[in-house]
> 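My questions all concern the structure below.
We number each residue from 1, following the sequence as shown.
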Amino acid sequence: MKDTFGLSRVLEPKGTMPVTAWKLDNSREIKTNEARIAIELIDVDVNNFLHTCYQFDFDEELMKQKFIDVIEKRGKFHNPFTDSGGVFYGKIEAMGEEYKEVTHFEVGDEYIAQATLTAIPMHLDEITSIDFNYGQLYVKGYAIVFEESMIYKRQKYGNIKTILKTLEEASNLYQASKMVEDSKKIAIIGKDIMLTVLYTGATRRAAKKGTKITLIMDHDGCGGIPEENIEKLMKRNADDVYFVDLRNSIESSKVIAEDLETFDLVINTEDRVGAETLSTFLVCEDGTVYFTNMSNGLMEFVLIAESMPRHVHAIERDQYYIGNDGFTDDLMVSMAKDIEVADEMFQNVATKRGLSENMAVVLSQYRVGKVDDFIYASNVTEAMVEEAINVANYDCNVIIQGETGVGKEKVLQLIHKNSQRSNKPCIKVNCATIQESLAESEFFGYEPGSFTGAQSTGKKGYFELANNGILFLDEIGTLSMNMQSKLLRVLQESQFYRVGGTEQLSVNVRVICANNIPLKSLVDEGRFREDLYYRLNICTINVPPLRDRKEDIYVLAKEFLSVYNKKYGVLKEIDEDGFAALNKYEWPGNVRELENTIHRMIINTKGNMITGLDAEKLLGQNAYDDYIVETKTKLGNGADVDFNHIMEQQEKKLCEYALKKHSTTRQAADSLGITQSKLMRMKQKYGL
């Protein structure tokens, strides 16, 4: 097969397409069927851009470094968390003979890329500046393009910034305009000002005379621009404009319903939580909702529609193709004045950071980050996930460190799926459950008749089962010193004998281990071999406790809520006070305790809304459950209990709970109905 789109540039893993590959060859030298483009401007995919803004709190220098780091690691502009890149503009710097013959380009011609940057080898020397309002980077660097890389040839419209922004949405705008032709009432849920201008314009151009177009935008999506100014601009093409709170989508739908009936077609461009619910209430029976982005709630919409029940059609975005070019250019020409007004609005509200202050609120409502099955929202977790993905590429031993319940096995799965051994076995062993007398036979297997009770066929051990794959040793710190010595020998030599065997077996195993107590502490205490520690500690990944990544609580709670709603056939939600209570709690049991709490909430609440009071009640039980169970057990067995000791323990737990819940000792004392001085004495007494 002739390589016309970059297959030969794939480095890792071999045999994959450039767009899905982890790493591409971005070397400067070109082949006969390639061209090198001097890049000047990159339009970053909106999810990619917002993700990076949020990660670095709009710090321009940190964002520049992050974008360059991604390209250095992957040889292309491909954010692994949003699985997106962008498009670019530049000029042809050099061409191979075959490329020139096929494309008829000349050196110096402008090049506007339509192909996603996730499929294009790239190198950047510098990012000179960031335009936060457009989500664009001014850069110095190059890209390698191929004979069949899609390009856009500028026709009548000349503003390159707008061209790139429109190209990012061109396929959606084209598809939306085709769907509009048979609709009489259309609602558009807008995402940001520039894209909303384009969608309302494209819709109005394609709609039949008399079609009513209604625009809905979130209050916080205005980016600091007065709503009356946005309404004036949007009413060039929309009949009605509503500003709502997407976080309270049901109430928002009621406000709109007071004035209007439901719509034949809803075009949902939003990523924020609540847009999918609003779409469900806005669309009429047998109507259509068009989702312009693969991450903006299509699955949630389908589930909500089924639960109501409603018969509606959900359509997802389509791919871009060359036939869209004429449509795209005509749209930009017809929308030139509107685009100019929107651009002036941007300039009037630009801050030192290049973005309005309200955008921090906007970004907090965007969807959860998800890599494989790992769900997160906090920068702390994202950095850890990124480290795990990076470590996965290196075939070395790893220690995963973290408290009980933080999700160490999830990190293991992340490493396994992104490693060279992803299609090989991953054997998980809980070392704490293995009896010392059986440990050797469990790890190394045994020959037939090796000992009393042995299987007549013998048995493979964990190392043999994991051959060419990964062996995960959870709670490795519980192994005896004797077993640690034998484990060290296998790691050093990659060879061992079965129990009762005389033949030396060779294995190729990557060992990943975990422990809830830092192994270095066990080494210092003489409970873990130092030489084994250094054999394992090629890389350590620290999984932070949930209390140090509280942004994850909301998204994890929503995920667990979805899982248990589905399991029990219910549709329960947690209100704002409920989430506030979850956020205040310290979560000593980490993610495992959070999942257990959500599970209990689903079962123990009678209504469909889980309130703050419901949450407080269950969280209070969490704080006391262990001790209550212990006391009840003693009483049930007829054993004596120490009343004074019980009261002291309850007093201690009450103080501890109040101190964790409140930010000051005065607030804690008030919540307990005691004086601050008394609380301080109790705090000192119990060492809190």
> Quickly, which of Lys66, Lys73, Gln65 forms a side-chain hydrogen bond (donor to acceptor under 3.5 Å, both in side chains) with Asp69? Name it, please.
Gln65

> Could you check Phe88 against Val44 for side-chain contact (heavy atoms from CB on, under 4.5 Å), going step by step and ending with a plain yes or no?
CA-CA 8 Å; Phe88 73 85; Val44 186; over 6 Å; no

> Can you establish whether the number of heavy atoms outside Lys337 located under 6.0 Å from its atom NZ is more than 12?
no

> Picking from Thr269, Asn268, Asn172, what satisfies side-chain hydrogen bond (donor to acceptor under 3.5 Å, both in side chains) with Tyr290?
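By the side-chain hydrogen bond (donor to acceptor under 3.5 Å, both in side chains) criterion, Tyr290 pairs with just one of Thr269, Asn268, Asn172: Asn172.
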
> Once you round to the nearest 0.5 Å, how far does CG of Asp131 lie from CD1 of Ile42?
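Spacing of CG (Asp131) from CD1 (Ile42) equals 13.5 Å.
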
> Is there a donor-acceptor pair closer than 3.5 Å between any side-chain N or O of Gln136 and the backbone N or O of Lys161?
yes

> Please tell me whether Lys140 and Tyr138 have a donor and an acceptor in their side chains that are separated by less than 3.5 angstrom.
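No.
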
> Just checking, any donor-acceptor pair under 3.5 angstrom between side chains of Asn390 and Glu386?
no

> Tell me every residue that passes side chain to side chain contact (heavy atoms under 4.5 Å, CB included) with Thr20, counting only those two or more places apart in sequence or in another chain.
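Thr16, Met17.
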
> Is it true that the side chains of Asn79 and Asp45 contain a donor and an acceptor less than 3.5 Å apart?
no

> Might you work through the ring-ring contact (aromatic ring centres under 6.0 Å, His included) test for Tyr111 and Tyr89, ending with a clear yes or no?
CA-CA 6 Å; Tyr111 190 101; Tyr89 166 81; 9.4 Å; no

> Within the 3.5 Å criterion, strictly below it, is a donor on Arg205 or Ser177 matched to an acceptor on the partner's side chain?
no

> Is it the case that the side chains of Lys76 and Thr118 hold a donor-acceptor pair, with the cut-off being a distance below 3.5 Å and no angle test?
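No, Lys76 and Thr118 have no side-chain donor paired with an acceptor closer than 3.5 Å.
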
> Could you tell me if Arg28 sits above the aromatic ring of Tyr142, with its cationic atom closer than 6.0 Å to the ring centre and no more than 45 degrees from the axis?
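Output yes; distance and angle both within limits.
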
> Any luck finding a side-chain donor-acceptor pair between Ser378 and Thr381 under 3.5 Å?
yes

